[in-house]
Amino acid sequence: MRVAAGDTHAFTLLHDAVGAALVLIVLRVVRDRGHTQDVVQEVLLEIWAKAHRFRPDRGRAMAWVATMAHRRAVDRVRTVRAAADRDQRAALLDHRIPCTAKSRVRDALLRLRACLDDDT
């Protein structure tokens, strides 16, 4: 509740209390230390911005924080995976035959077929 009121000292105490757990939660999902640090920072910023939404009657603060961390970590994995998929598709497109080369291949095949048909 003190964090929700903008108490920076309370936020520091919260950070100290949950920081290591956040790293473990996120690292277990993301499996990359660089992304883990980024996600933990995003979660801490989200806690600061959304602390007013926490409802102690609905559960413990650590469960709320852990849920945010897990969701952010899953989002990061999906984002990284989608970017890798896009890069892979782009790389495959780069290896396709350009349209002009396709036309030349098609023309060569038509000429070859015509030659074979004339010999029979």
Step by step, work out the side chain to side chain contact (heavy atoms under 4.5 Å, CB included) result for F11 and L44. CA-CA 9 Å; F11 184 75; L44 290 168; 4.1 Å; yes
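- Take Q41 and apply the side-chain hydrogen bond (donor to acceptor under 3.5 Å, both in side chains) test, not counting sequence neighbours, and it matches no residue.
- Applying the side-chain hydrogen bond (donor to acceptor under 3.5 Å, both in side chains) test to pairs two or more places apart or on separate chains, those with a residue in residues 45-65 are E46-K50, E46-R72.
- Of all non-hydrogen atoms in I25 and A66, the two that sit nearest each other are CD1-CB, 3.6 Å.
- Under the 4.5 Å side-chain contact rule for hydrophobic residues, V30 and V74 share a cluster.
- For V65, the side chain to side chain contact (heavy atoms under 4.5 Å, CB included) test picks out V18, L22, I47, with sequence neighbours left out.
- Under the rule for a side chain to side chain contact (heavy atoms under 4.5 Å, CB included), the partners of A21 that lie at least two apart in sequence or sit in another chain are M62.
- One finds the NE2 atom of H15 at 8.5 Å from the OG1 atom of T12 (value rounded to the nearest 0.5 Å).
- Not counting sequence neighbours, R71 has no partner by the salt bridge (charged side-chain N to carboxylate O under 4.0 Å, His left out) test.
- Annotation: side-chain hydrogen bond (donor to acceptor under 3.5 Å, both in side chains) contacts of R2 (sequence neighbours excluded): D7.
- Here the closest non-hydrogen pair linking A69 and V43 is CA-CG2, 3.6 Å.
- Evaluation of the side-chain hydrogen bond (donor to acceptor under 3.5 Å, both in side chains) rule for D32 yields no partner, not counting sequence neighbours.
- If you take OG1 on T36 and CG on L24, they are separated by 9.5 Å, rounding to the nearest 0.5 Å.
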In residues 76-84, what donor-acceptor pairs under 3.5 Å come from side-chain atoms, sequence neighbours left out?
| unit_1 | atom_1 | unit_2 | atom_2 | d |
| --- | --- | --- | --- | --- |
| R76 | NH1 | H35 | ND1 | 3.0 |
| R76 | NH2 | E42 | OE2 | 2.6 |
| T79 | OG1 | D75 | O | 2.9 |

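- Linking ILVMFWY residues whenever their side-chain heavy atoms come closer than 4.5 Å, directly or via other members, leaves V40 and L27 in distinct clusters.
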